[in-house]
Amino acid sequence: MKRTELDALLSPHHLAAPDVSRALTLTGNRPSGAEWRAFASRSLGLGGIAALGAGLIFFIAANWQAMGAMGRFELLQAVLIVCVGIAWWFAPKASNITAATLILATLASGTLLALFGQTYQTGADVYELFFMWALLTLPFAIAGMSGALWAVWWCILNVALALFCGWHGPGDFVWGMFDRWGLNKPTALMLPFAVNLAGAALAYGASMTRHSGAAPSWLVRLLLTFAFGFGTSACVLAILPEFSWHRGFVGAPQNLGVLATFVAACVCVGGFALHQRRDVYPLALVAACAIAVASVYLVMHVFPHDLRGAFLSAVWLIAISTAAGFLLMRCVRAWSGHERVKPQTGEPA
Amino acid sequence: MSMKARELLSALGLPSGGTLPTLRPHVERPWYLSFMLGASGWVAGVCILIFVGVLFQPHSRPAFLFSGALLIAAAWGLYKADRDGAFAAQLALALSVAGQVLLVIGLTKDNSHIAGAAFAAFVIQTILVFIMPNALHRMLSALFACAALAVAVRHGLFPNIARYTFSGAESIARDLGPTISYSLAAWAITWLPVAALVYWLIRYEARWMARGWQAIARPALKGLIAGLAFATLISHPLEVFDWSARNATDRGWLALWPLLSALAAVSAIAAGFALRSRALMGAGIIGALLYTSHFYYALGTTLLTKSLIMLLMGGAMLGVAYFLKQRGEAE
């Protein structure tokens, strides 16, 4: 029983504080001492791993002159080997330690690549570093079979995609090697959109199998958020022709294609969520992105750019967000019973 | 009424039969819907602010105060008149946002000091936590009260660092000296009261529930925890990623701020755990990660020092985690 339900249940009875305290304990709303200890141990463990990883990255970035290049390489390689060794040793029995050390190994791999670039001045772009990082650490993610590890890996890949498609995009040398059709920026941003959407679909599929530990529900949500973030950015750029630079207005049909693809993806994701009746989050994401894109379109192309425009924008935003909130809450209410029955594997306790 | 509810009432010695008042099935609004509605309400509020500003063109202090109070009163009336109406709630939030901005402008019109404006915003937000009959509004007001308090304290007590300029680092070093005690005190004065209030609200939850303060205390607690999670990011957004500071190492121990804020975010995770709220725990985790990256870019001290701090912290955390695990297994 959640606290809000408890509030509704107890408020007519005007209980004394000790009774309310007892009710909180009986309904499991107060963590016990053992739960607090387990929580603290787990959080500190994960925090410690993150701090060590960050400390390692900071140390290499500091470019400490007292330690030679070879010493730094040796240090990082030693960390990498020790992490992989610990993960290997604990692999079958302690999945938490395996995942934590593989996360550290993933961070150490990126630092090693950065050190390589720093030492030998390879001239590689930052996105190349991130792509290589993602590629080299993919085996760790597969071996670890942990949601947290996959989340770290997807974050690395998304930084690479954002830099490649968003920051560089058409016009970049490497991009030009693949681009034979004269793609514009909004179309380029549909690549990370598609990749993340495919990732979300894969994670959702994996959550139905025995590998559900590697694909918790929050990972699916995270990937959908990445996907729709890129998709919304692409659509907003497609709506604002002055920002979709390169190739003049040759990109206009592409912009229409971007919008059509995004709408189709929204329909598919929304339809699937309605069919599954498990999680309202994808619907909320679709609604929020649709509101954002539609609002930009209306403000830029439909509403007058004066006092009436400000008023209409306010009315539009209030009306559309109200409608979306109303419909989504109906889904939450209708599906809540179903959600409670369905176990959420891999969620934090 | 579910069996769990009946069992609970029986356990508490309360009548659990069918003669009890019928309880409406309560479904809590998910955090992402609150976020969507809140964000839309704020943007709509800015549009209303532009509309009111251009249409009525208030220039004098009374005009600002009157129009601000009027909009807030209208928002309060909408909330009261239609408590369950989603449209009215969104409209009320937008009106309230516009009204708050006008009130702050009215209160600080002849005084350009940022601390005064921030303190006015803090007072307004605090009052709104108590008077606005809407949970989302109360939560947002508590969150922005935290941010306003942070700005007011920092700019009021330490005006020499109260400059949102890229070259502010030099004046900090010259005027005050960025000692570790100064840096810690400035941060503690700002955020310890918020953390203490969160602790008090969690510690004495049963007491305020018994007094029937749920409608105010529950959303306010969520807002305060969110404030802890995103404390510095909200209050000092322009300083967070100030990469251009000249003589940046002169800022010295001020570089500890993001790390301290990461600790605040960790306390938000703990508070979220105490309330069994995954959303608040998630907010704390995101906050902690953001502050760690902020710490990298906070150019107050050398990266070598920062790396040592992080490595020592990491080692200590792992040590404590191991100790706790061993102790748990022993028991």
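As the structure is a computational prediction, the values presented were derived from the model and not from experiment.
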**B:R276 side chain vs A:G28 backbone, donor-acceptor pair below 3.5 Å** = yes
**Asked** Is any side-chain heavy atom of B:M36 less than 4.5 Å from a side-chain heavy atom of A:L328?
**Response** yes
**Shortest non-hydrogen contact between A:S313 and B:C47, atoms and distance** = CB-SG, 3.7 Å
**Request:** Output the option from B:A215, B:A44, B:P30 having the highest count of non-hydrogen pairs under 4.5 Å with chain A.
**Result:** B:A44
**Request:** Return each pair, listed once, that meets ring pair (Phe, Tyr, Trp, His ring centres under 6.0 Å) where at least one residue sits in residues 277-297 of chain A; pairs must be two or more places apart or across chains.
**Result:** A:Y281-B:Y32, A:Y297-A:H301
**Item:** Nearest atoms (heavy-atom pairs only) where A:S321 meets B:L37
**Value:** O-CD2, 3.3 Å
**Request:** Evaluate the side-chain proximity of B:V266 to A:S43: yes if any heavy-atom separation is below 4.5 Å, no if none is.
**Result:** no
**Asked** Within a radius of less than 6.0 Å around CZ of A:F311, do more than 12 heavy atoms belonging to other residues, nucleotides or ligands occur?
**Response** no
**Request:** Look at A:A324, A:A51, A:A287, A:A292 and state which one has the largest set of heavy-atom pairs under 4.5 Å with chain B.
**Result:** A:A51
**Request:** Give, for atom CD1 of A:I318 and atom CD of B:Q90, the distance between the pair rounded to the nearest 0.5 Å.
**Result:** 7.0 Å
**Item:** Segment of A:A319 engaging chain B (4.5 angstrom heavy-atom cut-off)
**Value:** both
**Asked** What residue in B:R218, B:R327, B:R211 has the most heavy-atom pairs under 4.5 Å with chain A?
**Response** B:R218
**Request:** Just jot down the ring-ring contact (aromatic ring centres under 6.0 Å, His included) partners of B:F323, sequence neighbours excluded, or say none.
**Result:** none
**Complete:** The salt bridge (Lys or Arg N to Asp or Glu O under 4.0 Å) partners of A:R308 (sequence neighbours excluded) come to A:D306
**Request:** Name the member of B:S307, B:G45, B:G41 that forms the most heavy-atom pairs with chain A at distances under 4.5 Å.
**Result:** B:S307
**Request:** For chain B, find its close neighbours in residues 31-41 of chain A: heavy-atom separation under 4.5 Å, sorted by number, or none.
**Result:** A:P31, A:E35, A:W36, A:R37, A:F39, A:A40, A:S41
**Fill in**
Bottom line for B:A98: the part with an atom under 4.5 Å from chain A's heavy atoms is neither
**Message:** Is there a side-chain contact between B:E205 and A:L24 in this structure, where contact means two heavy atoms from C-beta onward sitting under 4.5 Å apart?
**Reply:** yes
**Request:** Check whether any side-chain heavy atom of B:M209 lies under 4.5 Å from a side-chain heavy atom of A:S21, and answer yes or no.
**Result:** no
**Message:** Which heavy atom of B:I48 sits nearest to which heavy atom of A:A314, and what is that distance?
**Reply:** CG1-CB, 3.6 Å
**Request:** Could you have a look at A:I291, A:D7, A:L317 and say which one has the most heavy-atom pairs with chain B under 4.5 angstrom?
**Result:** A:D7
**Asked** Under a 4.5 Å heavy-atom cut-off, does chain A meet the side chain of B:I269, its backbone, both or neither?
**Response** both
**Item:** A:R30 side-chain N/O to B:A274 backbone N/O, donor-acceptor pair under 3.5 Å
**Value:** no
**Residue pair B:L318 / A:I49, side-chain heavy-atom distance below 4.5 Å** = yes
**Request:** Check each atom of B:L33 against the heavy atoms of chain A and say whether the ones under 4.5 Å are side chain, backbone, both or neither.
**Result:** side chain
**Prompt:** By a 4.5 Å heavy-atom criterion (distance strictly below it), what part of B:L311 contacts chain A: side chain, backbone, both, or neither?
**Reply:** both
**Message:** Does any backbone or side-chain atom of B:W42 lie under 4.5 Å from a heavy atom of chain A? Answer side chain, backbone, both or neither.
**Reply:** neither
**Request:** Indicate yes or no: at least one non-hydrogen side-chain atom of B:L275 is less than 4.5 angstrom from one of A:R3.
**Result:** yes
**Item:** chain A contacts, top residue of B:V320, B:V52, B:L55 (heavy-atom pairs, under 4.5 Å)
**Value:** B:L55
